[in-house]
Amino acid sequence: MIYAQILAGGKGTRMGNVPMPKQFLLLADKPILIHTIEKFTLESRFDAILVVCPVDWISHTEDLIKKYITDDRVRIVTGGSDRNETLMSGIAYIQKQYGIHDDDVVVTHDAVRPFITQRIINDNIEAVLTHKAVDTVVPAIDTIVRGTDKQVIDIPVRSEMYQGQTPQSFHIQTLIDSYQALSTTQKETLSDSCKICSLAGQSISLVLGENYNFKITTPFDLRVASALVEERS
Ligand SMILES: Nc1ccn([C@@H]2O[C@H](COP(=O)(O)OP(=O)(O)OP(=O)(O)O)[C@@H](O)[C@H]2O)c(=O)n1
Ligand SMILES: O=P(O)(O)OC[C@@H](O)[C@@H](O)[C@@H](O)CO
């Protein structure tokens, strides 16, 4: 089976003083989350599309799905306390509802990256059918500096640096085994999901993303996203 999992379980604290988690904020005429779900419903190879959201926002998400989405592959699941707990909540749902088979894969995506393209989704599906883990990345535009809040530690060669986006896609059993092998300390250091597998020694295949596939994190990002939608309308 090929699953999609849209990670919509966050609080959006960096969006500042807003009445709801940022994935539910309007982008032009509909919520950011709906823009993203619509991109995934265009891909017929998904057997189910999981939307994993905060427990307090389940009924709100159900109302949005009823209003905007007609695809019966969409399933709403309760998220977790951090991004990877949300990811694994979705995996637990798959285990419970469908069981896990050795050829099962999942394409996981941030709900707040609404400008994802069918090409990026397709490339993730193609890659994850032959690799255990897949990361969507774009070449670093700015030089990456590694450091503390006071001191530069390293300035890696920019041509070897990428910025991670999503989707991040996985052979499901490999993801489960890799996550179960993590220590609590390791889990606390993670800001993405591919590192779960790299810590377990798995190689990660790269898919090229696009700068348009940016994550809406701050009020500035929302203004940019609104301008992009305006420009395309
Ligand atoms: N417990 C969490 C935390 C994050 N996410 C999702 O992971 C994606 C990327 O995370 P981020 O931009 O950090 O979202 P938030 O954690 O909501 O934002 P912040 O860090 O500003 O609170 C978002 O779609 C967010 O909804 C999630 O599903 N479950
Ligand atoms: O939850 P945060 O927004 O802090 O981080 C999420 C990002 O790491 C994720 O969207 C990709 O960048 C993964 O590489």
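Hydrogens, waters and symmetry mates play no part in the numbers below; they use all other heavy atoms, side chains included. Fair warning: this is a prediction, and the values are worked out from it, not measured in the lab. One-based numbering, in listed order, for ligands and for the atoms of each.
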*Relative to atom 1 (N) of ligand 1, which among Ala111, Ser193, Gly80, Ser191 owns the nearest non-hydrogen atom?*
Gly80

*asked:* Among all the protein's non-hydrogen atoms, which is closest to atom 12 (O) of ligand 2, and how far away is it?
replied: Gly164 O, 2.8 Å

_For Leu27 against Phe115, the heavy-atom pair lying closest together_ = CD2-CZ, 4.3 Å

*Of all the non-hydrogen atoms in the protein, which one sits nearest to atom 9 (C) of ligand 2, and at what distance?*
Asp110 OD2, 3.5 Å

*asked:* Just to confirm my output: which protein heavy-atom neighbour is closest to atom 16 (O) of ligand 1, and how far is it?
replied: Gly10 CA, 4.2 Å

*Does CZ in Arg223 sit with more than 12 non-hydrogen atoms of other residues, nucleotides or ligands closer than 6.0 Å?*
no

*asked:* Need the ligand 1 atom indices (1-based, order shown) with element for anything under 4.0 Å from a heavy-atom of Val112.
replied: 23 (C), 24 (O)

*Heavy-atom distance to atom 13 (C) of ligand 2: which of Asn213, Thr217, Asp192 wins?*
Asp192

*When you measure from atom 29 (N) of ligand 1 to every protein heavy atom, which one gives the shortest distance, and what is it?*
Thr86 OG1, 2.8 Å

*Min N/O separation Lys215 to ligand 2 under 3.5 Å*: yes

*Using a strict cut-off of 4.0 Å, indicate which atoms of ligand 1 neighbour a heavy atom of Ser81.*
1 (N)

*ligand 1 atoms in contact with Lys22 (distance to a heavy atom under 4.0 Å)*: 11 (P), 12 (O), 14 (O), 17 (O), 18 (O)

_Among all protein heavy atoms in this structure, tell me which lies nearest to atom 1 (O) of ligand 2, with the distance rounded to 0.1 Å._
Arg83 CD, 3.6 Å

*Just checking, is any N or O donor in the side chain of Asp71 or Thr41 under 3.5 Å from an acceptor N or O on the other one?*
no

*Got more than 12 heavy atoms from elsewhere within 6.0 Å of NZ, Lys11?*
no

*Please state which protein non-hydrogen atom is closest to atom 7 (C) of ligand 2 and give its distance, to 0.1 Å?*
Ser191 O, 3.5 Å

*Would you mind listing which atoms of ligand 2 come within a distance below 4.0 Å of any non-hydrogen atom of Arg113?*
9 (C), 10 (O), 11 (C), 12 (O)

_Whether Gln163 lies under 4.0 Å from ligand 2, heavy atom_ = no

_Just to confirm my output: which protein heavy-atom neighbour is closest to atom 24 (O) of ligand 1, and how far is it?_
Leu7 O, 2.7 Å

*Nearest non-hydrogen protein atom, atom 4 (O) of ligand 2*: Arg14 NH2, 3.2 Å

*Tell me, yes or no, whether the heavy-atom count around Tyr68 atom OH, taken from other residues, nucleotides or ligands under 6.0 Å, exceeds 12.*
yes

*Report the nearest protein non-hydrogen atom to atom 22 (O) of ligand 1: residue, atom name, distance rounded to 0.1 Å.*
Thr13 OG1, 2.7 Å

_Residue from Thr108, Asp110, Thr136, Asp135 passing side-chain hydrogen bond (donor to acceptor under 3.5 Å, both in side chains) with Gln168_ = Asp135

*Report the relative orientation of the aromatic rings in Tyr98 and Tyr93; use parallel for angles under 30°, tilted for 30 to 60°, perpendicular for over 60°.*
perpendicular

*Would the number of heavy atoms belonging to other residues, nucleotides or ligands and lying under 6.0 Å from CZ of Arg146 be above 12?*
no

*In ligand 1, which numbered atoms sit nearer than 4.0 Å to a non-hydrogen atom of Ala8?*
26 (O), 28 (O)

*Nearest protein heavy atom with distance in Å, relative to atom 14 (O) of ligand 2*: Gln168 NE2, 3.3 Å

*Tell me which protein heavy atom sits closest to atom 13 (O) of ligand 1, plus the residue, atom name and distance to 0.1 Å.*
Arg14 NH2, 2.7 Å

*Ignoring hydrogens and angles, state whether a donor on the side chain of Ser193 or Arg83 is under 3.5 Å from an acceptor on the partner side chain.*
yes

*Between Glu43 and Arg73, is the closest basic N to carboxylate O distance under 4.0 Å?*
no

*Which heavy-atom pair separates Val128 from Val105 by the least distance, and what is that distance?*
O-CG1, 3.6 Å

_For Lys215, which part has a heavy atom under 4.0 Å from ligand 1: side chain, backbone, both, or neither?_
side chain

*If you count the non-hydrogen atoms of other residues, nucleotides and ligands that lie under 6.0 Å from NZ in Lys195, is the total more than 12?*
no

*Specify the closest pair of heavy atoms between Ala133 and Phe170, including all atoms of both residues, with the distance to one decimal.*
CB-CD2, 3.9 Å

*Is Gly12 close to ligand 1, meaning an N/O of one under 3.5 Å from an N/O of the other?*
yes

*For Tyr179 and Leu87, what are the C-alpha separation, side-chain angles and deciding distance, and is it a side chain to side chain contact (heavy atoms under 4.5 Å, CB included)?*
CA-CA 10 Å; Tyr179 192 73; Leu87 170 71; over 6 Å; no

*Please state which protein non-hydrogen atom is closest to atom 28 (O) of ligand 1 and give its distance, to 0.1 Å?*
Gly9 N, 2.7 Å

*Among all protein heavy atoms, pick out the one at the shortest distance from atom 8 (C) of ligand 1; state its residue, atom name and that distance to 0.1 Å.*
Asp110 OD1, 3.4 Å

